[in-house]
Amino acid sequence: MLLQVNSIDVYYGSVQALKGVSLEVNEGEITSLIGSNGAGKSTLLKTISGLLKPASGSISFMGRRIDGLPPENIVSLGIAHVPEGRMIFPAFSVLDNLRIGAVSRFNSGKPKKEVLKEIEEDIERVFSLFPRLKERKNQLGWSLSGGEQQMLAVGRGLMARPKLLLLDEPSLGLAPYLVKEVFNIIKMINAQGTSIMVVEQNARMALKASHKAYVLETGEIVLSGPSSELLKSDQVRAIYLGAGVEQR
Amino acid sequence: MGFVYALSAMGIVLIYRTAGVVNFAQGSLVMLGAYVATSCIETLKLPMIGAIIAAVIIMAGVGAVFQRVAYYPLRYAGIIPVVISTIGVSVFLNNGVYVIWGTYPKFLPPIAGSGTITIFGTSIPLQNIAIALMAVALLFFQAYFFNKTWLGKKMQAVAQHQDTAALMGIKVSRMITFTFMYSTALAAIAGIFAGPIFFVSPGIAQILSKAFAASVVGGFGSVPGAVVGGIFVGLVETFGAYFISSAYRDAWAFGLLILFLLFRPQGIFGEPISEKV
Ligand SMILES: Nc1ncnc2c1ncn2[C@@H]1O[C@H](COP(=O)(O)OP(=O)(O)OP(=O)(O)O)[C@@H](O)[C@H]1O
Ligand SMILES: [Mg+2]
């Protein structure tokens with residue numbers, strides 16, 4: 001098992017956002033986490049990547065406790081978090097956004113020159129996944145379209161060479177054909193060996209693309225299982241698949 | 001003079017962008033820089049260039065301490081407590097210098113001596129040429145540092161999105177410390193230039209208000225804006241004093257500030273970034 005979250009409680013001040021949440025991510029798989037607005041999905045990802053600390057419970061990555069570590073150490077261990085809303089660095093070019101995504105790799109102990117060479121190779125790899133970014137490589141972050149920003153955010157996450165990629169609502173605000181494209185790329189990245197945990201409100205897309213899924217409601221996991229089974233479950237169909245109508 | 005304002009304004013803007021804090025002690029740090037440079041020359045008997053380097057390094061260290069004392073303990077407390085604490089530091093410094101350096105103003109010689117050079121029949125003080133050269137060199141250094149080095153880019157990343165920078169693997173608090181150190185080093189250079197113009201006394205700390213005027217005129221939060229704003233404020237002040245009346249020297253700069261606040265509050269470089277994101 002790659003990641004194990006063990007009954008964590010997370011608070012914002014006195015408000016509890018996560019209540020005894022447990023989940024597991026298997027190596028080589030896509031795991032999805034679905035739930036409606038304010039369920040606590042982003043909170044869970046932020047806690048895994050170290051931006052928030054759980055008040056109780058534990059998180060282990062590859063058998064090692066990571067709760068309590070600062071985010072910069074967690075990314076060095078191999079978890080890259082692509083935050084909600086893309087959070088592209090607006091004043092950086094596409095290339096600089098990608099390069100800054102790789103800074104954690106200077107902690108790997110490899111000689112700096114070698115890391116620099118690898119970074120340039122990985123930029124090419126990202127460009128082969130997202131050819132649109134290559135055409136705009138010198139354009140500044142703020143001037144990209146929403147879809148391009150999302151691609152850049154995913155590409156920047158990949159620059160850390162993560163073992164586990166956390167994606168927070170990659171389809172948010174994208175046109176339907178782009179949503180499909182983003183999910184195809186997610187599957188491609190997974191096929192190349194990166195495990196993925198994806199948070200989505202677009203439950204249908206997420207369930208179709210993933211191996212395993214969890215449903216989060218007001219801070220608690222209420223359902224989990226193989227995605228194909230959740231896709232058939234009446235409860236999920238009624239609430240998240242809106243009887244055949246796409247959510248949003 | 002414009003360059004002194006520009007340097008002070010740049011320090012304010014860099015800290016504001018990186019730590020989200022308005023540093024009211026910047027003027028006092030400029031003053032302290034001038035005092036430190038004076039001591040490097042008088043007490044340590046360093047030659048001018050050595051004194052400049054020593055003052056810049058010492059002040060960068062002061063910046064680290066300042067950050068640790070005035071900002072770090074209050075970093076989650078919101079903007080007002082930190083602003084108050086920087087005001088506190090400023091009051092402490094403005095009075096504290098009397099204890100170390102006495103109440104008499106000190107004299108800091110111009111870095112290029114007091115000679116002049118005659119070009120096309122106009123005599124120009126060497127000091128002005130030195131300031132201009134130094135200004136250009138510093139701007140080139142800064143452009144290189146922030147755009148081409150990894151450290152500079154990490155500092156810029158923190159200035160844009162702190163949490164996201166942390167997710168990339170950047171040690172945010174360390175970058176904030178470096179920004180404070182860099183801004184105080186800029187203050188030291190500003191102080192070294194301001195010293196010969198004023199005398200070295202707490203009066204220098206009043207540069208703060210001109211530096212704020214410069215940052216607002218340039219567009220608060222914009223680094224190029226701080227430079228242009230500083231030079232602009234310096235020019236308006238000089239020309240206002242020359243052509244209209246020198247008795248109201250300060251009034252011209254603040255008149256400019258008020259005009260900008262009324263008609264173009266976003267300054268010359270109204271940030272396209274903040275509008276877009
Ligand atoms: N910084 C914060 N301070 C206080 N409360 C917060 C904060 N961030 C989130 N919350 C609250 O915690 C709960 C979970 O928020 P979270 O952002 O994790 O939800 P989400 O499932 O990601 O929702 P969405 O689909 O809208 O992104 C919400 O009730 C929210 O109001
Ligand atoms: Mg969310």
Aromatic ring pairing His161(B)/Phe89(A), orientation class (parallel under 30°, perpendicular over 60°, tilted between):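 Geometry flag for Phe89(A) against His161(B): tilted rings.
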Neighbour count above 12 (heavy atom, 6.0 Å) for [X] [atom1]:
X         : atom1 : answer
Phe212(B) : CZ    : yes
Glu118(A) : CD    : yes
Tyr16(B)  : OH    : no
Glu27(A)  : CD    : no
Phe140(B) : CZ    : no

Residues of residues 45-60 of chain A contacting chain B, heavy-atom criterion under 4.5 Å, by residue number: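 Heavy-atom contacts from residues 45-60 of chain A to chain B are Ser49(A), Leu51(A).
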Distance, nearest 0.5 Å, that separates CG of Asn97(A) from OG1 of Thr164(B):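 If we round to the nearest 0.5 Å, Asn97(A):CG and Thr164(B):OG1 are 10.0 Å apart.
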Distance in Å, Asp96(A) CG paired with Lys153(B) NZ, rounded so as to fall on 0.5 Å steps: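 Spacing of CG (Asp96(A)) from NZ (Lys153(B)) equals 4.0 Å.
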Side chain / backbone / both / neither for Arg105(A) at chain B, heavy atoms under 4.5 Å: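 Neither part; nothing is under 4.5 Å.
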Heavy-atom proximity to chain B below 4.5 Å, by part of Leu116(A):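 Leu116(A) touches chain B through side-chain heavy atoms alone.
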Closest non-hydrogen atom pair, Ser104(A) against Gly169(B):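 Answer, listing the atom of Ser104(A) first, then Gly169(B): CB-CA, 4.3 Å.
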Are [X] and [Y] packed together at the side-chain level, in the sense that at least one heavy-atom pair is separated by less than 4.5 angstrom?
X         : Y         : value
Asn147(B) : Phe92(A)  : no
Ile170(B) : Glu72(A)  : no
Val75(A)  : Met168(B) : no

Test applied, side-chain contact (heavy atoms from CB on, under 4.5 Å); reference residue, Leu167(B); option that passes from His81(A), Met87(A), Arg156(A):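 By the side-chain contact (heavy atoms from CB on, under 4.5 Å) criterion, Leu167(B) pairs with just one of His81(A), Met87(A), Arg156(A): His81(A).
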